[in-house]
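Fair warning: this is a prediction, and the values are worked out from it, not measured in the lab.
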Amino acid sequence: MIVCLCIPTSVRAEVDFNRDVRPILSDKCFKCHGPDAANQESSFRVDSFENATSDLGGYFGIVPGDLESSELHLRIHDEDDPMPPAGDLKKLSPEEIEILDQWISDGAQFEAHWAFVPLPEQIAVPEAGEGWARGPIDRFVANVVKQKGLKHTEPTSREKWLRRVTFDLTGL
């Protein structure tokens, strides 16, 4: 049994830099404000905490925890001179703007790229799912089902399972 628990970004309690912010910055901002000096059109860079929070001559690109003092926030909301520029093909969606604003409000934490982060330590498997959980993944799913106040359904027969898989594979 596979369960997908998808949570919309507007419901998330906190914004994760590598999951939510880095993809936006690399797709929409790095072209002009990234690490490639040859393509850089501004002295403001968003590829590291030091660059993003440095003094740009009396103003700062990002002031962690302070939206109104952050030039990034002001520019992505500016209707006259927006970022990315009006002629740019890659515009920020309202959801992306919300993520960037929440990230700045939460302190604008930068994280190392996931490829340079050591693997996480082993996580303790929950005890949920007694009686039906066959493996650790089932126990994690059972834990979420229990937290949400949902009820686990009984396993289906092999015939019904095979029929459902066949429909999934053939697209019916």
Chemist: Does K160 have any side chain to side chain contact (heavy atoms under 4.5 Å, CB included) partners at least two apart in sequence or in another chain, and if so, which?
Modeler: T156, S157

Chemist: Looking at every non-hydrogen atom in both residues, tell me the closest pair between L25 and V46 and how far apart they are.
Modeler: CD1-O, 4.0 Å

Chemist: Does the side chain of T53 reach to within under 4.5 Å of the side chain of P64, using non-hydrogen atoms?
Modeler: yes

Chemist: Answer yes or no: is there a donor N or O on one side and an acceptor on the other, between the side chain of S70 and the main chain of V63, under 3.5 Å?
Modeler: yes

Chemist: For L162 and T166, which heavy atoms make the closest approach, and how far apart are they?
Modeler: O-OG1, 2.7 Å

Chemist: Using only atom types and a distance under 3.5 Å, with no angle test, would you say the side chain of N143 pairs donor to acceptor with the backbone of E127?
Modeler: no

Chemist: Give a yes or no on whether the ring-centroid distance for F110 and W103 is below 6.0 angstrom.
Modeler: yes

Chemist: Please answer: with hydrophobic residues joined when any side-chain heavy atoms are less than 4.5 Å apart, are W114 and V21 in the same cluster?
Modeler: no

Chemist: Evaluate the criterion side chain to side chain donor-acceptor pair (under 3.5 Å) for residue pair N51 and S54; output intermediate values, then yes/no.
Modeler: CA-CA 5 Å; N51 290 329; S54 64; 5.4 Å; no

Chemist: Is it true that atom NZ of K146 has more than 12 heavy atoms of other residues, nucleotides or ligands lying nearer than 6.0 Å?
Modeler: no

Chemist: Could you tell me which non-hydrogen atom of H113 sits nearest to which non-hydrogen atom of R22, and how far apart they are?
Modeler: N-NH2, 3.3 Å

Chemist: Scan for ring pair (Phe, Tyr, Trp, His ring centres under 6.0 Å) pairs involving residues 53-101, sequence neighbours excluded, and state none if there are none.
Modeler: H73-H77

Chemist: Using only atom types and a distance under 3.5 Å, with no angle test, would you say the side chain of D78 pairs donor to acceptor with the backbone of L74?
Modeler: no

Chemist: Hydrophobic cluster membership, with links at side-chain heavy-atom distances under 4.5 Å among I/L/V/M/F/W/Y: are L67 and I24 in one?
Modeler: yes

Chemist: Give a yes or no on whether the backbone of S93 and the side-chain of E96 come within a donor-acceptor separation of less than 3.5 Å.
Modeler: yes

Chemist: Would you mind reporting whether L92 and L100 have side-chain heavy atoms less than 4.5 Å apart?
Modeler: yes

